[in-house]
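Quantities reported herein were computed from a predicted structural model and do not represent experimental measurements. Residue numbers begin at 1 in each chain, while the letters A, B, ... track the order of the sequences.
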Amino acid sequence: MIIIMTVKTRFAPSPTGYLHIGGVRTALYSWLHARQNKGNFILRIEDTDRERSTQESVDAIIEGMDWIGLDYDEGPIFQTDRFDRYTEVINQLLEQGDAYHCECTRDELDAMREAQRANKEKPRYNGKCRDAGHNGNDIESVIRFRNPVDGDVLIDDLIKGQITINNRELDDLIIARSDGTPTYNLTVVVDDLDMGVTHVIRGDDHINNTPRQINMMKALGAELPQFAHAPMILGGDGKRLSKRHGAVSVMQYRDEGYFPQALLNYLLRLGWSHEDQEIFSRDEMISLFKIENVNGAPSTFNTKKLLWVNEQYIKTLPAVEITEHLQWHLDDQDLDVSNGPALHDVIEAHRDRAKTLKELAASIGYYYEDFSEYDEKASKKHFKTATPDILQNLLDKFSKVSDWNAANIQAEINATCEELELGMGKVGPALRVAVTGSGMSPSLDITMALIGQQRSLQRLQKAVEFTRQKYA
RNA sequence: GUCCCCAUCGUCUAGCGGUUAGGACACCGCCCUUUCACGGCGGUAACCGGGGUUCAAGUCCCCGUGGGGACGCCA
């Protein structure tokens, strides 16, 4: 009989800062693995370090997960709610003889490490209290796990392959602080076991913790989950992306105008690929992704490629979906789009010329609000002595248009060109500055159709006056 | 320093013993063009070094080198 365990993965950040890119990627891998196996994905907040954990960070993580769209089936679970359970396990370990009280002081430990470093050795606990038999009643003490001394620990890593670490390299780690609170390595083990996590997917900065955790799991007589350690993401400087350089909050990517889906897409392709495909829908990600195919090597974050991916989304996503995400930027930029053309149509006209939602929002103001000044460079370049007459000619023709649409607008522009014996290049740019205030826009017929006849005529009138005065 | 991981164009990657070493981003040309873009076409550009194994090595093994990570009463 084969028992099929429900796949369960988790993302377990510590709330000591914002949710950053590296975290999002491991969360994505975990989420993907759970979703493609019809399993569960857990969000667990590892807040045992009460000194550094903050509510703001918890909120930021939840907000980030929400924005990026990685939904979880359980959680957020807070480790601080589970202290009783950890204590229980620590006591069990103590009773079993797999843990012991240690009375070494911090100063002693520091001196020990310093000496080891000076001796070109790997700093680790020397086991002084290992067999001292302290009961932990009198002096302030911590509790350490009694790590096996001999043999190797094998990790069959889904990404890295087989990793072997000799127990000689490990020391007896602290599982309970002197104030009685449990530490990370103990809590992860207990939680992953209790919660039935089948696949531990995390950053490879945890590889060194894994053998210790495996030893503890074994001491508890538990069955091991599968491990998958994803490589770090490096910054442009070749150093691991950290809060210090580059690894900004995911929310900053929203602020800069990226689609959550585009960020996810980029992150997915960073270290993983499927044939020559670059763009993956959510469903494709879920069905195509294989944790085993994740590259073992660290990769460098490349903003330009991310920008390109984002551009692809702007170019192809249904306008309604763009609107959903664009709204935040419209609000952010204080642009009210209720008085003007349908946002849908504006998006269609502009989607090919914006790489980010922020850019998009910033470039469509003239459809909804009148501008008070012309772009300096553009007006200088395109408003010439002949301009007033050209614009007046256009104005006269546009005034008579009864059906204001792109084709009719273009026809009038063409008529002016012919009448004045001018090329489009002499007419178009000035007209553009006149009706948009700027030097760039979609083609004029479409742009003006969107701006609307009344607004276009008013602006043209103003531009005629402005340029007449200028060249008077 | 010790241990662990990693190594193909500048970057992300394909390659799983026999390939003109493929794709994407970026970059550079050309075309399109009323602006800004989009787009189309083309181009530059890589197997870290040295030893093995093999008829044959980017692909397997070893040693260097380089990069990353870990070495807390942080997670």
Side-chain angles (χ1 to χ4, degrees), chain A residues 12-16 46-49 51-53 79 102 104-106 109-110 113 116-124 140-144 155 157 159-161 163-166 168-171 173-179 181 183-185 187-188 202-211 229 231-232 234 236 238-240 266 269-279 295-309 311 315 350-355 363 378 381-382 413 417 423-433 436 438-445 447:
Chain A
S14 65
T16 55
E46 312 228 315
D47 56 351
T48 54
D49 183 355
E51 301 265 304
R52 302 199 306 168
S53 299
Q79 292 192 318
C102 168
C104 295
T105 65
R106 291 172 206 252
L109 296 174
D110 286 344
R113 288 191 198 102
Q116 287 164 331
R117 279 216 154 88
N119 217 15
K120 303 201 170 183
E121 284 169 22
K122 185 182 195 168
R124 53 210 226 283
E140 188 178 78
S141 66
V142 299
I143 299 170
R144 289 182 186 271
I155 308 171
D157 196 278
I159 294 174
K160 304 277 185 177
I163 302 169
T164 308
I165 290 135
N166 195 295
R168 228 181 301 125
E169 298 299 330
L170 275 24
D171 63 358
L173 59 300
I174 292 171
I175 55 176
R177 303 181 179 92
S178 49
D179 65 1
T181 59
T183 62
Y184 167 75
N185 277 295
T187 60
V188 225
R202 71 219 321 184
D204 70 5
D205 49 336
H206 282 294
I207 282 187
N208 294 281
N209 288 321
T210 308
H229 288 94
M232 300 282 92
L234 273 27
K239 294 274 183 249
R240 171 189 171 175
Y266 173 73
R269 274 289 284 103
L270 198 58
W272 177 85
S273 64
H274 174 73
E275 295 170 359
D276 286 341
Q277 191 169 343
E278 294 289 347
I279 303 300
N295 210 100
S299 38
T300 307
F301 192 86
N302 185 323
T303 307
K304 286 196 172 159
K305 179 88 180 243
L306 168 62
L307 208 51
W308 178 82
V309 172
E311 196 186 332
K315 222 174 288 188
H350 282 261
R351 68 192 320 165
D352 276 349
R353 25 179 62 79
K355 287 188 186 342
S363 65
K381 187 169 178 195
H382 301 301
I413 296 174
C417 287
M424 187 62 183
K426 300 277 183 212
V427 176
L431 175 56
R432 173 169 288 105
V433 178
T436 71
S438 82
M440 47 189 146
S441 83
S443 66
L444 281 162
D445 51 350
T447 305

ask   = Which value, in whole Å, describes the distance between the P atoms of nucleotides B:C47 and B:C4?
value =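 Approximately 29 Å lies between the P atom of B:C47 and that of B:C4.
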Tabulate atom names and distances for all N/O pairs under 3.5 angstrom spanning the protein and nucleotides 28-32 of chain B.
none

Reported CZ-to-OG distance for the pair A:Arg106 and A:Ser178, which is rounded to 0.5 angstrom =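 That separation rounds to 5.0 Å.
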Would you kindly say whether [X] and [Y] are connected by a side-chain donor-acceptor distance under 3.5 Å?
X: A:Ser441; Y: A:Arg432; answer: yes
X: A:Arg202; Y: A:His229; answer: yes
X: A:Asn185; Y: A:Thr183; answer: no

Pair A:Glu140 + A:Arg177: basic N to acidic O under 4.0 Å =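 No, A:Glu140 and A:Arg177 are not salt-bridged.
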request  = May I ask you to decide whether A:Glu311 forms a salt bridge with A:Lys315, counting only side-chain N to carboxylate O separations under 4.0 Å?
outcome  =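 Looking at A:Glu311 and A:Lys315, the cut-off is met.
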Below the 4.0 Å mark, does [N] have OP1 or OP2 next to a side-chain nitrogen or oxygen of [X]?
X: A:Thr48; N: B:A75; value: yes
X: A:Asn209; N: B:C74; value: no
X: A:Thr181; N: B:C73; value: no
X: A:Arg124; N: B:G1; value: no
X: A:Arg52; N: B:C73; value: no

I'd like a list of close polar pairs between nucleotides 35-42 of chain B and the protein, N/O only, cut-off under 3.5 Å.
| residue | atom | partner | partner atom | Å |
| --- | --- | --- | --- | --- |
| B:U35 | O2' | A:Gly439 | O | 2.6 |
| B:U35 | N1 | A:Arg432 | NH1 | 3.2 |
| B:U35 | O2 | A:Arg432 | NE | 3.3 |
| B:U35 | O2 | A:Gly439 | O | 3.4 |
| B:U35 | O2 | A:Ser441 | N | 2.8 |
| B:U35 | O2 | A:Ser441 | O | 3.2 |
| B:U35 | N3 | A:Arg432 | NH2 | 3.1 |
| B:U35 | N3 | A:Ser441 | O | 2.4 |
| B:U35 | O4 | A:Ser441 | O | 3.4 |
| B:U35 | O4 | A:Ser443 | N | 3.3 |
| B:C36 | O2 | A:Arg353 | NE | 2.7 |
| B:C36 | N3 | A:Arg353 | NE | 3.4 |
| B:C36 | N3 | A:Arg353 | NH2 | 2.6 |
| B:C36 | N4 | A:Arg353 | NH2 | 3.4 |
| B:A37 | O2' | A:Asp352 | O | 2.7 |
| B:C38 | O4' | A:Asp352 | O | 3.4 |
| B:C38 | O3' | A:Lys315 | NZ | 2.8 |
| B:G39 | OP1 | A:Lys315 | NZ | 3.0 |

task = Scan A:Glu278 against the nucleic acid and name what it touches under 4.0 Å (heavy atoms): base, sugar-phosphate only, or nothing.
result =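 The residue A:Glu278 makes base contact.
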request  = Remember a base hit wins even if backbone is also touched, and classify A:Lys120 as base, sugar-phosphate or nothing at under 4.0 Å, heavy atoms.
outcome  =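 Sugar-phosphate, backbone atoms only, no base.
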key: Most 5' of A:Asn208 and A:Gly271 on RNA chain B, judged by nearest nucleotide   =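 Closest to the 5' end, via its nearest nucleotide, is A:Gly271.
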